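Small disclaimer: the values here were computed from a predicted structure and weren't measured.
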Amino acid sequence: MLAPDILLAAVLNGLMTGAVYALVAVGLTLVYGVLHIINFAHGAILSAAMFAAYFASLAGVDPYIALIGLAPLFFAAGYAAQRLIISPASHGDDQNVLLVTLGLSIVIENVLLTAFHSDTRSIDVPYGFASVDLGFAFLPLPRVVAFAVACVVSAALWIGLHHTDTGKAIRAVAKERYGATLVGIDVAHVYAVTFGIGAACLAIAACLLLPSYYVNPRVGEAYVLVAFTVVVFGGMGSVPGALIGGLMIGVIESLTGLFFGESLGQLGIFVLFIVMLLLRPTGLFGARA
Amino acid sequence: MPDAALLEVDGLAAGYGASAILQGIDLHVAAGETVAVLGSNGVGKTTLNKVLSGILRPRAGSIRFNGRSLEHAAPSKIVEMGLVHVPEGRRIFPDMSVDENLVLGSYRRAKANRAANRERVMAIFPRLAERCRQPAGTLSGGEQQMLAIGRGLMAEPRFLILDEPSLGLSPLLVEEMFMLIRRLGAEGLTILLVEQNVVQSLALAAHAHVLENGRIVLSGKGEELMSDPRLQKSYLGM
Ligand SMILES: Nc1ncnc2c1ncn2[C@@H]1O[C@H](COP(=O)(O)OP(=O)(O)O)[C@@H](O)[C@H]1O
Ligand SMILES: [Mg+2]
């Protein structure tokens with residue numbers, strides 16, 4: 001039998017990882033919920049954001065500081081990408097949007113590959129191996145910070161979506177595009193804001209991951225695969241689903257790793273994913289069809 | 001026609017893809033007037049409303065609202081000018097609360113008067129006040145129609161389009177709905193009432209136009225049309 005404090009430590013570690021999964025997933029689910037498309041460029045944008053954070057760090061800016069600049073920068077880039085590239089190139093057809101984001105991901109990834117090759121890089125920060133002593137377990141400091149920031153960002157996002165006009169407009173467009181147009185909501189603007197929020201969440205996730213993770217042009221893809229299972233698990237388009245789903249997936253990965261060995265951690269995610277698809281295909285918070 | 005028309009539509013044509021729907025529509029609405037557009041299913045009533053609110057671009061003709069042309073205006077700009085369209089089928093935001101729906105009614109216009117206008121809407125529709133925190137999708141059909149109109153009123157419209165507001169309501173509620181429209185008209189609101197409910201619409205409209213196959217086939221004062229033999233024959237079954 002395992003000692004309860006080992007189990008508890010594994011759960012806490014899972015929650016820490018899960019908070020970043022949630023942050024990556026929330027942008028994906030928001031874009032799905034509002035634009036009704038899967039943003040295939042999500043992984044490539046995460047890779048790009050990690051490179052941005054990496055070079056900021058080489059230039060002497062700590063990732064946690066870089067976050068303050070990169071989040072608005074990626075918001076603006078996401079907004080512009082939707083308004084200037086994705087929307088004009090797709091001529092109002094949802095299926096084209098999907099293909100354009102796929103194209104965008106190929107371009108971003110290849111630019112990163114050409115510029116930085118497929119080498120894996122990482123940074124050294126003084127707190128890289130620092131940890132927080134809970135008495136019964138040590139939690140790595142970068143992951144504690146990631147958890148805290150991801151929680152704050154999620155809360156801010158939730159408040160923004162429910163208590164600001166722009167947030168309400170985003171939710172309105174998600175469920176009733178025609179009605180939203182008739183109250184005077186500029187749907188193209190809302191789409192772009194939603195894309196921008198997704199990209200900003202990725203920039204934040206990148207800055208939180210960098211101190212304890214590595215960077216290469218494909219790093220985002222691996223993360224987004226997990227984020228995608230989180231999105232389906234939580235219910236496509238559901239923001240609370242992505243947040244709670246992210247935490248749950250993190251814990252499941254951690255516990256699978258504890259019981260069956262580190263390398264099988266992600267296997268638990270996919271087993272659970274398949275069970276979920278069989279039992280409740282709409283996900284935790286998904287609308288019944 | 002009164003010459004100080006708030007809305008002037010001339011020679012309007014519109015359609016979808018290969019199908020031409022509206023042709024040669026002339027429609028003038030003076031400020032403060034209630035004008036009815038009548039016609040059975042599929043004649044192009046909703047298409048006309050979509051063109052007026054900027055959802056669908058006209059293929060020919062002109063639309064002037066308050067002296068400004070609307071043919072190329074974005075829907076959000078049209079709302080900003082005060083032309084508000086309460087659509088057929090309500091199109092409320094189903095998973096948002098009644099209050100949030102009302103807030104969004106003032107997303108583009110009259111934001112500063114939001115609280116006062118909410119009070120006003122709640123006074124007109126006490127049933128919405130009782131359900132202000134409830135998700136709009138859980139309201140009954142009649143309540144949803146009230147919410148759709150209330151949401152429209154939140155923008156302090158200068159011109160309100162009502163697309164089949166009595167559709168799907170019980171006879172009692174239909175009665176109530178027409179009383180409400182009469183009341184809004186009496187308060188000075190300019191209304192374009194699009195309906196299949198011919199008798200009740202004619203009873204409260206200053207002018208009315210009958211649409212058939214995308215053309216206006218009959219126009220006149222409300223009471224005059226009521227006794228027009230052509231209308232009696234095709235719509236009143238007399
Ligand atoms: N989005 C659309 N695409 C193609 N045809 C349409 C569309 N909407 C309506 N129509 C057609 O246009 C005609 C008029 O429709 P509509 O304006 O909705 O009529 P009404 O509101 O008077 O019932 C109908 O024949 C309908 O089938
Ligand atoms: Mg119609």
Side-chain angles (χ1 to χ4, degrees), chain A residues 29-30 32-36 79 83 87-88 91-93 157-194 234-243 282-289, chain B residues 46 49-50 52-56 73-112 114 133 135-137 144-145 147-157 160-163:
Chain A
T29 212
L30 200 58
Y32 178 82
V34 176
L35 285 84
H36 311 294
Y79 186 98
R83 260 228 118 141
S87 170
H91 305 285
D93 182 335
L157 196 60
W158 198 89
I159 291 170
L161 283 172
H162 286 83
H163 297 282
T164 68
D165 274 18
T166 304
K168 288 186 206 283
I170 290 173
R171 288 161 55 222
V173 170
K175 287 289 153 63
E176 181 44 71
R177 201 188 293 189
Y178 187 74
T181 308
L182 290 182
V183 297
I185 294 170
D186 180 348
V187 173
H189 171 72
V190 164
Y191 279 2
V193 168
T194 306
M236 305 276 288
S238 163
V239 169
L243 299 177
T282 55
L284 284 178
F285 291 79
R288 279 137 295 266
Chain B
T46 297
N49 294 342
K50 282 189 196 163
L52 295 180
S53 48
I55 306 267
L56 184 68
S76 55
K77 280 279 167 265
I78 293 177
V79 172
E80 205 171 301
M81 290 183 223
L83 196 161
V84 176
H85 171 181
V86 177
E88 179 182 352
R90 297 132 199 173
R91 303 298 190 131
I92 52 165
F93 308 118
D95 57 353
M96 299 174 82
S97 71
V98 166
D99 264 335
E100 284 182 305
N101 270 269
L102 293 180
V103 164
L104 283 173
S106 56
Y107 178 83
R108 185 61 65 183
R109 206 179 132 85
K111 228 179 242 201
R114 191 172 267 177
R133 290 175 183 283
Q144 291 191 14
Q145 187 62 56
L147 179 58
I149 296 176
R151 187 180 68 179
L153 293 176
M154 288 296 291
E156 294 182 0
L160 188 68
I161 300 177
L162 297 173
D163 195 341

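- Between chain A and the residues B/R151, B/R108, B/M154, B/R109, the most heavy-atom pairs under 4.5 angstrom are made by B/R108.
- Going from atom CZ of B/R114 over to atom CG of B/L104 covers 7.5 Å, rounded to the nearest 0.5 Å.
- If you measure heavy-atom distances from A/A174 to chain B, you find no contacts under 4.5 Å at all.
- When heavy atoms are compared at a cutoff of 4.5 Å, B/K77 does not approach chain A at all.
- Distance CD/A/E176 to OG1/A/T181: 8.5 Å, rounded to 0.5 Å.
- In this structure A/D186 satisfies the side chain to side chain donor-acceptor pair (under 3.5 Å) test with no other residue, sequence neighbours excluded.
- Relative orientation of the A/H162 and A/W158 rings is parallel, given thresholds of 30° and 60° on the angle between their planes.
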Before you tell me yes or no, could you show the steps for B/L160 and B/L153 under side chain to side chain contact (heavy atoms under 4.5 Å, CB included), namely the whole-Å CA-CA distance, both residues' side-chain angles and the distance that decides it to 0.1 Å? CA-CA 8 Å; B/L160 188 68; B/L153 293 176; 4.3 Å; yes
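- In this structure, the side chain of A/D165 does not engage the main chain of B/Y107 through any donor-acceptor pair within 3.5 Å.
- A/G237 approaches A/T29 most closely through the heavy-atom pair N-OG1, 2.8 Å.
- Remark: the backbone N or O of A/I159 is not paired with any side-chain donor or acceptor of A/H163 at under 3.5 angstrom.
- In this structure, chain A has a heavy atom under 4.5 Å from the side chain of B/I55, while its backbone stays farther away.
- Contacts with chain A (heavy atom to heavy atom, under 4.5 Å) involve these residues of residues 80-90 of chain B, listed by number: B/H85, B/P87.
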